Trainee: 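Would you mind keeping the following structure in view while I ask a few things?
Throughout, protein chains are lettered first and strands after them, A, B, ... in sequence-line order, and every chain is numbered starting at 1. Worth knowing before you read on, the calculation uses all heavy atoms, side chains too, and leaves out hydrogens, waters and symmetry mates. It should be emphasised that the depicted structure is a prediction, and the values quoted were computed from it without experimental measurement.
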Amino acid sequence: MRLSRYFLPTLKETPREAEIVSHRLMLRAGMIRQEAAGIYSWLPLGKRVLDKICNIVREEQNRSGAIEVLMPTLQPAELWKESGRYDAYGQEMLRITDRHDRPMLYGPTNEEMITAIFKSGVRSYKDLPLNLYHIQWKVRDEVRPRFGTMRSREFLMKDAYSFDLDADAARRAYYRMFVAYLRTFARMGLTSVPMKADTGPIGGDLSHEFIILADTGESEVFCDKAMLDLPIPSEDTDFTGDLSDLVAPFTKPYAATDEMHDQAAFEAAVPEERRVSARGIEVGHIFYFGTKYSAPMGAVVTGPDGKDVPVEMGSYGIGPSRLVPAIIEASHDDDGIIWPASVAPFNVGIINMRAGDDACDAACTELEWQLQAQGIDVLYDDTDARGGAKFAQMDLIGLPKQIIVGPKGLKNGEVEVKDRKTGERTLMSPQAAINALTAS
RNA sequence: CGGGGCAUAGCGCAGCCUGGUAGCGCACCUGUUUUGGGAACAGGGGGUCGCAGGUUCAAAUCCUGCUGCCCCGACCA
């Protein structure tokens, strides 16, 4: 992509409304634009990151055996009256009326609809286990949206729903998602900590929030330092097997958000030097809720004994539109964003120090072409801005690697490869640069 | 939903107290000189001062009402 043909409205100054660093950087890097309180447009750079995140989420969901569907954002109120949540949900549910005066709503979540879908397609226990998920915009008319896309009124969520014959099978389904979540966040360069969460009226221990530690997090969290260094299950994990041994190391150590925190238990369980008390961002939430929706909505399967039983369900959420700022909170410096390679909007930035100079133009074009031929996403700054401005902008938008091409280097047949994170710069031939950047 | 604040060019702001018809920096356009960490000079374009009323010869400025947005708290992917 040529910068001269792209739409990248970056800002030197921070818009006044932005308080936290991720919101500021997303606005300055031209990733989003606010349309109303808690409602944002995603501009090209932001859209690329969001798509990369969704693809990682999708790959890990698929790997775990979940199947993708797509449900609408608009739902009939009727469905929610069946479950009893139409009245229970309150002001956060954005309700509208269609031209026939039928009450509708913008979906804040999809338990009801997925249960209806399940009901219409499944009769037998032989069709279980089943896990259906989608990635769709959700609407919650938040009392106080804030922090950019971290807490917005319209947000993208991956929500998966598992269906099983009994509680044991439901637990196995829960563990599959647990492992998928560990892998998903790790692939984005994040250290996530699963923390016991409130299970509400269902009880049990099958609810976890996945928390990223960050100073600007909304909740206070406590955990054993050992949790931060646990190895992540590999991509060869057999999701058809029993995953309890993989999950156990993550559920045994102490880890709790403030609402579940018990200081005495914390001190008893964790030696002082390993006690971490920090702030965190919730990027995922999984829970098992049994027959809470299947029973009132009549979602049953016929068991091996010929009797109908309501299915055991769980639901599993990840917020991609929240992960974007979460990753920035976890990975930035004074100059801007530092994208982990897996979610970077472009892998490599090329800076032409002397646009219009034949040798520089030719070298840049060749690099751009060669890298793109290898499947590398390249943003080539071919504008005639001064070098300093180009460096600053490239650092702001956080591309992991940069190639600096200028007359000084080219005199010796060299270009400079810069690592955004370390700031390290290395002179090498263009071919060596291509080799280095396509190696992994 | 309670408490506080803000609204003037795309962005950041000054002007308001003490009324006289709008200004600065960045960005943008033209030209020249430049070019290795947010260039310099010269010229230029862009604003129903959030909206609606009112006071006044005259309102960005004073008064009233409304709307939008931000922050702090209680609630949440």
Side-chain angles (χ1 to χ4, degrees), chain A residues 9-20 23-24 27-28 30 33-39 57 89-93 107-111 135-160 181 197-198 200 207-212 217-219 257 259 280-287 315-326 334-336 351-357 360 381 383-397 402-411 414-416 418 423 425 427:
Chain A
T10 56
L11 303 170
K12 268 199 217 178
E13 287 174 284
T14 305
R16 189 177 31 174
E17 75 267 16
E19 194 69 13
I20 65 170
H23 189 193
R24 284 203 290 260
L27 289 166
R28 288 193 51 214
R33 193 186 100 96
Q34 182 172 41
E35 303 297 350
I39 297 179
V57 169
Y89 220 96
Q91 295 265 294
E92 242 182 54
M93 178 185 277
T109 175
N110 287 65
E111 278 85 0
I135 300 175
Q136 176 62 293
W137 294 94
K138 304 293 187 294
V139 174
R140 293 183 192 174
D141 197 358
E142 290 281 345
V143 190
R144 182 149 101 84
R146 71 191 110 160
F147 302 150
T149 65
M150 188 84 83
R151 169 162 307 284
S152 49
R153 291 196 290 171
E154 186 179 63
F155 60 96
L156 193 58
M157 181 162 88
K158 185 285 302 182
D159 38 327
Y181 275 38
D198 194 357
S207 178
H208 287 86
E209 291 179 8
F210 286 75
I211 305 276
I212 304 303
E218 288 191 275
S219 46
T257 58
E259 53 215 19
I281 301 166
E282 181 186 352
V283 290
H285 195 167
I286 61 179
F287 47 96
S315 75
Y316 314 89
I318 290 181
S321 55
R322 170 179 284 185
L323 273 164
V324 178
D334 289 346
D335 295 327
I351 294 178
N352 188 339
M353 294 302 298
R354 194 75 59 90
D357 174 271
C360 289
D381 184 347
T383 66
D384 62 2
R386 285 177 75 90
K390 295 185 172 194
F391 289 129
Q393 177 168 263
M394 200 61 88
D395 285 347
L396 171 63
I397 67 174
Q402 303 166 12
I403 308 177
I404 299 156
V405 179
K408 288 188 181 174
L410 285 182
K411 263 193 312 207
E414 288 178 321
V415 298
E416 209 167 354
K418 176 182 161 186
R425 299 162 66 160
L427 282 164

Trainee: Under 4.0 Å between any heavy atoms, over every strand shown, what does A/Thr14 touch: base, sugar-phosphate, or nothing? Just pick one.
Mentor: sugar-phosphate

Trainee: Rounding to the closest angstrom, what is the interatomic distance between B/A9 and B/G25 at atom C1'?
Mentor: 13 Å

Trainee: Can you tabulate the close N/O pairs, meaning under 3.5 Å, that link protein atoms to atoms of nucleotides 23-27 of chain B?
Mentor:
| from | atom 1 | to | atom 2 | distance (Å) |
| --- | --- | --- | --- | --- |
| B/G25 | N2 | A/Glu13 | OE1 | 2.8 |

Trainee: Over all strands shown, is A/Gly406 touching base, sugar-phosphate only, or nothing at heavy-atom distances under 4.0 angstrom?
Mentor: base

Trainee: Taking the side chain of A/Arg16 as heavy atoms from C-beta outward, which of B/A77, B/G38, B/C6 is closest to it?
Mentor: B/C6

Trainee: Using a cut-off of strictly less than 4.0 Å, decide whether A/Arg144 has a side-chain nitrogen or oxygen near OP1 or OP2 of B/C72.
Mentor: yes

Trainee: What nucleotide among B/C71, B/C70, B/G36 has an atom nearest to a side-chain atom of A/Arg146?
Mentor: B/C71

Trainee: Got a sec, which residues hit ring-ring contact (aromatic ring centres under 6.0 Å, His included) with A/Tyr316, two or more places apart in sequence or on another chain?
Mentor: none

Trainee: Rounding to the closest angstrom, what is the interatomic distance between B/C29 and B/G46 at atom P?
Mentor: 16 Å

Trainee: For atom P, what is the distance between B/G45 and B/U55, given to the nearest Å?
Mentor: 38 Å

Trainee: Touch check for A/Ala36, heavy atoms < 4.0 angstrom, all strands: base, sugar-phosphate only, or nothing?
Mentor: sugar-phosphate

Trainee: Between the base of B/G38 and the side chain of A/Arg28, is one N or O donor paired with an acceptor at under 3.5 angstrom?
Mentor: yes

Trainee: So A/Asp395, base contact, sugar-phosphate only, or nothing? Heavy-atom distance under 4.0 Å.
Mentor: base

Trainee: When the P atoms of B/U61 and B/A22 are compared, how many Å lie between them, rounded to an integer?
Mentor: 14 Å

Trainee: From the options B/C1, B/G37, B/A77, select the nucleotide whose nearest atom is closest to the side chain of A/Val143.
Mentor: B/C1

Trainee: A/His285 and A/Ser207: side-chain hydrogen bond (donor to acceptor under 3.5 Å, both in side chains), yes or no, with the steps?
Mentor: CA-CA 7 Å; A/His285 195 167; A/Ser207 178; 3.3 Å; yes

Trainee: Give a yes or no on whether a donor-acceptor pair under 3.5 Å exists between the nucleobase atoms of B/G10, that is its base, and the side chain of A/Arg33.
Mentor: no

Trainee: Please work out if A/Ser315 contacts a base, only the sugar-phosphate, or nothing of the nucleic acid, heavy-atom cut-off 4.0 Å.
Mentor: nothing

Trainee: Using Watson-Crick or G-U wobble geometry with both distances under 3.5 Å, which nucleotide pairs with B/A27?
Mentor: none

Trainee: Given the C1' atoms of B/A42 and B/U56, what is the spacing between them in whole Å?
Mentor: 44 Å

Trainee: Tell me, do A/Pro108 and A/Glu92 make a side-chain contact under 4.5 Å, heavy atoms counted?
Mentor: no

Trainee: For nucleotides B/C6 and B/A14, find the distance between their C1' atoms and express it as a whole number of Å.
Mentor: 15 Å

